[in-house]
Amino acid sequence: MLDLKALKSRLPAGSLGEPLHYFESTGSTNDIAIELASQGAPAGTLVLADEQTAGRGRLDRSWSTPQGAALAFSLLVRPGTPPADRLMSLNSLGALAVAEALEGLGLAAKIKWPNDVLLADRKVAGVLVESGWRGEELDYVVLGIGVNVKEGSAPPDEAVRWPATSVEAALGSRVDRLNLLVGVLESLDGWLGRFGTKDLQTAWERRLAYLGEAVELHGRQATLEGTLLGLSADGRLRLRDQAGVERIVGQEYMSLRPLDRDGT
Ligand code: BT5
């Protein structure tokens, strides 16, 4: 269980984490955040759970959050941050914030575009962005983040699409979940107002997994092979395709893998 008193004394971190809704166990923190958004909860609202019984990934995949071992939280983000047509970049912004917090522990984290954080090529965290519209108007944006912290929180290889790890397994020592949460929130707070900036692009690219390598992108309609060149300032992917043409692609593609590897 997370120490609620300690948590409250450390939040908000920047402008994030107030009000706080904490659950010892819940289905999915994203579902609660969406519900709160529909009731008019303010941007910065944080939903945190010690355990999720129906944690979700993208495309209705499941996300495992065993009790007492991981971080699972969802933040309500102000509509307009990022712009409505670039919501997908919030995935990479969430991944960047986790990567920076892990660097604070001395770990070298990589971002596997668009929404994964890797430690030594294994997935330690995932991001799920969900939004709702009222007619033409963007109504809410929820940024959900799950991080495997304690040893044993990462599912076994045969249970996942891409091998997983935990922060403690990578670090070889104990990690305080609350410190890590505050680190992620502080990083997010610093970047949320800086969409489209060169600084953000540089921060992303420094941590981008498989930069300069041959990769394959998977979309609902198509796949695309090319050499990974970097990201654009708005979080789309830059790559040189097989015809030698530089392309900038976004949410038409869902996932990326290096060409010499299975999994997504
Ligand atoms: C993700 O989806 O990586 C998004 C994960 C978001 C989880 C957070 S926790 C707080 C908030 N509340 C929620 O209900 N969700 C968010 P995707 O890229 O589609 O990856 C999903 C795949 O990751 C699954 O199909 C499994 O193969 C694998 N997986 C499941 N649990 C995992 C874990 N704990 N660690 C690593 N991989 C996992």
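Everything numeric here is computed off the predicted structure, so don't read it as measured data. Whatever order the structure lists them in is the order used to number ligands and atoms, beginning at 1.
Connection of Trp63 to Val184 is not established within any shared hydrophobic cluster, with ILVMFWY side chains joined at heavy-atom distances below 4.5 Å, either directly or through further cluster members. Cluster annotation: Val141 is not connected to Leu36 through the hydrophobic network of ILVMFWY side chains, with a link wherever side-chain heavy atoms come within less than 4.5 Å.
Trp113 places a side-chain N or O within 3.5 Å of a backbone atom of Gly235 that can act as its donor or acceptor partner.
With hydrogens and angles left out, the side-chain atoms of Gln52 and Thr29 include a donor and acceptor closer than 3.5 Å.
The residue from Val129, Leu143, Leu87 that alone fulfils the side chain to side chain contact (heavy atoms under 4.5 Å, CB included) condition with Val77 is Leu143.
For the ligand labelled ligand 1, residue Val127 lies inside the 4.0 Å heavy-atom shell. Within the 4.0 Å heavy-atom shell around ligand 1 one does not find Leu59. Between Pro155 and ligand 1 there is a heavy-atom distance shorter than 4.0 Å.
The side chain of Arg61, and not its backbone, has at least one atom closer than 4.0 Å to an atom of ligand 1 (non-hydrogen atoms only; side chain from C-beta on). Using a 4.0 Å cut-off between heavy atoms, Ser255 makes no contact with ligand 1 at all.
Between Asp157 and Arg122 a salt bridge is recorded (basic side-chain N to carboxylate O distance below 4.0 Å). Using a cutoff of 4.0 Å between basic side-chain nitrogens and carboxylate oxygens, Asp116 and Arg58 are not scored as salt-bridged.
Ranking protein heavy atoms by distance to atom 30 (C) of ligand 1, first place goes to Ser62 O, 3.3 Å. In terms of protein heavy atoms, atom 38 (C) of ligand 1 is closest to Trp63 CZ3, 3.3 Å. Among all non-hydrogen protein atoms, the one lying nearest atom 12 (N) of ligand 1 is Gln52 OE1, 2.9 Å. In this structure, atom 20 (O) of ligand 1 lies nearest to the protein heavy atom Lys123 NZ, 3.2 Å. Nearest protein heavy-atom contact of atom 27 (O) of ligand 1 is Arg161 N, 3.0 Å. Nearest non-hydrogen protein atom to atom 31 (N) of ligand 1 is Ser64 N, 3.0 Å.
Atom CD of Glu35 and atom NE2 of His21 lie 11.0 Å apart (nearest 0.5 Å). Rounded to the nearest 0.5 Å, atoms OG1 (Thr81) and CZ (Phe195) are 7.5 Å apart. Taken from CG in Leu239 to CD in Glu246, the straight-line distance is 8.5 Å, to the nearest 0.5 Å.
In Gln39, the CD atom is crowded: over 12 heavy atoms of neighbouring residues, nucleotides or ligands sit closer than 6.0 Å.
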Quiz: residues 6-19 side-chain donor-acceptor pairs under 3.5 angstrom, not counting sequence neighbours:
residue	atom	partner	partner atom	Å
Ser9	OG	Ala6	O	2.7
Arg10	NH1	Asn179	OD1	2.9
Arg10	NH2	Asn179	OD1	3.2
Ser15	OG	Asp189	OD1	2.6

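Every atom of ligand 1 with a heavy atom of Arg56 under 4.0 Å away is listed here by number and element: 5 (C), 6 (C), 7 (C), 13 (C), 14 (O), 15 (N), 16 (C). Heavy-atom contacts of Asn148 reach the following atoms of ligand 1: 33 (C), 34 (N), 35 (N), 36 (C) (cutoff under 4.0 Å). Residue-ligand proximity, Ser28 to ligand 1, at heavy-atom distances under 4.0 Å covers atoms 12 (N), 13 (C), 14 (O). Applying the 4.0 Å criterion to heavy atoms of Val160 picks out, from ligand 1, the atoms 26 (C), 27 (O), 28 (C), 29 (N), 37 (N), 38 (C). The ligand atoms of ligand 1 that sit less than 4.0 angstrom from a heavy atom of Leu128 are 6 (C), 15 (N). If you number the atoms of ligand 1 from 1 as listed, the ones under 4.0 Å from a heavy atom of Ser74 come out as 11 (C). Counting atoms of ligand 1 from 1 in the listed order, those under 4.0 Å from a heavy atom of Phe73 are 10 (C). Set against the non-hydrogen atoms of Gly55, the atoms of ligand 1 under 4.0 Å away are 14 (O).
An N or O contact shorter than 3.5 Å links Thr29 to ligand 1 by distance. At a 3.5 angstrom cut-off on N or O pairs, Thr65 does not count as close to ligand 1.
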Using the side-chain contact (heavy atoms from CB on, under 4.5 Å) rule, take Met1 and Tyr22 through it: C-alpha gap first, then chi angles, then the decisive distance, then the call.
CA-CA 10 Å; Met1 212 168 89; Tyr22 173 69; 3.6 Å; yes

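The residue from Asn115, Asn91, Ile145, Asp116 that puts a heavy atom closest to atom 1 (C) of ligand 1 is Asn115.
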